[in-house]
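Everything below concerns the one structure shown next.
Here the structure is a predicted model, which is why all the values come from computation and not from measurement.
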Amino acid sequence: MDPATLGGIGFAFAMVLLSIFLEGSSPMSVVLPAPMILVIGGTIGAGLASTTLADFTLAFTTLKGWLTFKRPDLDETVDVVVGLADRARREGLLSLEDAARTVENPFLRSGLQSAIDGTDPDDLREMLEDRIASKRAQDKSIAKVFNNMGGYAPTIGIIGTVVSLVHVLENLSSPDELGHMIAAAFVATLWGLLSANLVWLPLGARVGRASELEIAHMELVVEGLLAIQSGANPRLVGQRLRSLMPPAAVAAADGRTGKKAAA
């Protein structure tokens, strides 16, 4: 699990609370039910209205998976593919039938099974790239739900402030309460900005980045499967796949290999 998003959101809210304490105020001064209900409920309603029910439901039912997302280990996948390529080169592609059942990655497993079944290389590439395109489109629709909500929240917060200021103008005959009422009116704007910039937009960015990493992993798997199917030299397969990895990931993998060799 990559805790960046949960940790970042928690840290940001902690800094907000700290600033409130340093100002000599109380956190309860900004925890007011009416503006919070208006901002959160209004944002959810506007987000639902801007998309389809299926996309909206999918965004929230998959949210736990995005928050607990684990970055794919590209080096581990390269090692698995190189091992399969070595066996296929020595014993033939059909010898991978048993190995295919033990592969944990479902995308690699299904692609490997298609290769073993004799799928034409061009058809196999097209099929796998279509699956990647479908995932990219679905992930983009999920990220758009959260990004839309991040765009609506500040405006809904302003609406809440305007509604509260109307109430203030109706009570000008009570000057002793005006200060408290005006302060409470701006709480809606505060929650609109907070929810947009500390929750919804980070969630949209998280989905986008996690999707990029998963798709890069799938693209590496496609190249590996086609190399296995063509009977390429395992050493060249490894070199080819590692050239597709980010330099930092290659350096980390080389560091782990060096430590194992030294041990």
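- Every salt bridge (charged side-chain N to carboxylate O under 4.0 Å, His left out) that Arg240 has, sequence neighbours left out, goes to Glu223.
- Take Glu97 and apply the salt bridge (charged side-chain N to carboxylate O under 4.0 Å, His left out) test, not counting sequence neighbours, and it matches no residue.
- Residues in residues 142-153 take part in no salt bridge (charged side-chain N to carboxylate O under 4.0 Å, His left out) pair, two or more places apart or across chains.
- Side-chain atoms of Ser134 come within 3.5 Å of backbone atoms of Asp130 as a donor-acceptor pair (strictly under, hydrogens ignored).
- Glu76 meets the side chain to side chain contact (heavy atoms under 4.5 Å, CB included) test with Asp73; sequence neighbours excluded.
- Between the CH2 atom in Trp66 and the CD1 atom in Ile142 there is a gap of 5.5 Å [rounded to 0.5 Å].
- Applying the salt bridge (charged side-chain N to carboxylate O under 4.0 Å, His left out) test to residues at least two apart or on different chains, none of the pairs has a partner in residues 55-72.
- Between His217 atom NE2 and Asn105 atom CG the span is 5.0 Å, to the nearest 0.5 Å.
- The structure places CD1 of Ile215 at 5.5 Å from CG of Asp139, a figure rounded to the nearest 0.5 Å.
- Contact between Pro246 and Leu74 at its shortest, heavy atoms only, is CD-CD1, 3.7 Å.
- One N or O on the side chain of Trp191 and one on the backbone of Val30 form a donor-acceptor pair closer than 3.5 Å.
- Judged as a salt bridge (charged side-chain N to carboxylate O under 4.0 Å, His left out), the pairs with a partner in residues 207-216 (not counting sequence neighbours) are, in order, Lys135-Glu214, Arg209-Glu212.
- Environment of CD in Glu23: sparse, with no more than 12 heavy atoms of neighbouring residues, nucleotides or ligands closer than 6.0 Å.
- Atom CD of Glu126 sits in a sparse spot, with 12 or fewer heavy atoms from other residues, nucleotides or ligands closer than 6.0 Å.
- Nearest approach of Gly151 to Thr155, heavy atoms of both residues: O-OG1, 4.1 Å.
- In terms of the salt bridge (charged side-chain N to carboxylate O under 4.0 Å, His left out) criterion, Asp117 has no residue partners (sequence neighbours excluded).
- Atoms CE and OG1, on Met127 and Thr119 in that order, are 5.5 Å from each other to the nearest 0.5 Å.
- With sequence neighbours excluded, the residues satisfying ring-ring contact (aromatic ring centres under 6.0 Å, His included) with Phe146 are Phe60.
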Walk me through whether Leu128 and Phe107 qualify under side chain to side chain contact (heavy atoms under 4.5 Å, CB included).
CA-CA 9 Å; Leu128 296 175; Phe107 184 70; 3.9 Å; yes

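- Partners of Ala88 under the side chain to side chain contact (heavy atoms under 4.5 Å, CB included) rule, at least two apart in sequence or in another chain, are Leu93, Leu96, Ile228.
- At a cut-off of 3.5 Å, with distance as the only test, no side-chain donor of Arg109 or Thr102 sits close to an acceptor on the other residue.
- Between Leu226 atom CG and Gln229 atom CD the span is 6.5 Å, to the nearest 0.5 Å.
- Residues Asp75 and Arg242 are paired through a salt bridge, judged by an N-O separation under 4.0 Å between the basic side chain and the carboxylate.
- Applying the side chain to side chain contact (heavy atoms under 4.5 Å, CB included) rule to Pro202 yields no partners; only residues at least two apart in sequence or on another chain are considered.
- A salt bridge is defined here as a Lys NZ or Arg NE, NH1 or NH2 lying under 4.0 Å from an Asp or Glu carboxylate O, and Asp98 with Arg101 meets this definition.
- From Thr43, atom OG1 reaches atom CG of Leu38 across 8.0 Å, with rounding to the nearest 0.5 Å.
- Under the side chain to side chain donor-acceptor pair (under 3.5 Å) criterion, the residue pairs touching residues 4-13 are Thr5-Arg206, with sequence neighbours excluded.
- For the side chain to side chain contact (heavy atoms under 4.5 Å, CB included) test, residues two or more places apart in sequence or in another chain that qualify with Thr57 are Leu53, Thr61.
- Using a cutoff of 4.0 Å between basic side-chain nitrogens and carboxylate oxygens, Asp120 and Arg125 are not scored as salt-bridged.
- The residue from Val166, Leu190, Thr189, Val39 that alone fulfils the side chain to side chain contact (heavy atoms under 4.5 Å, CB included) condition with Thr161 is Thr189.
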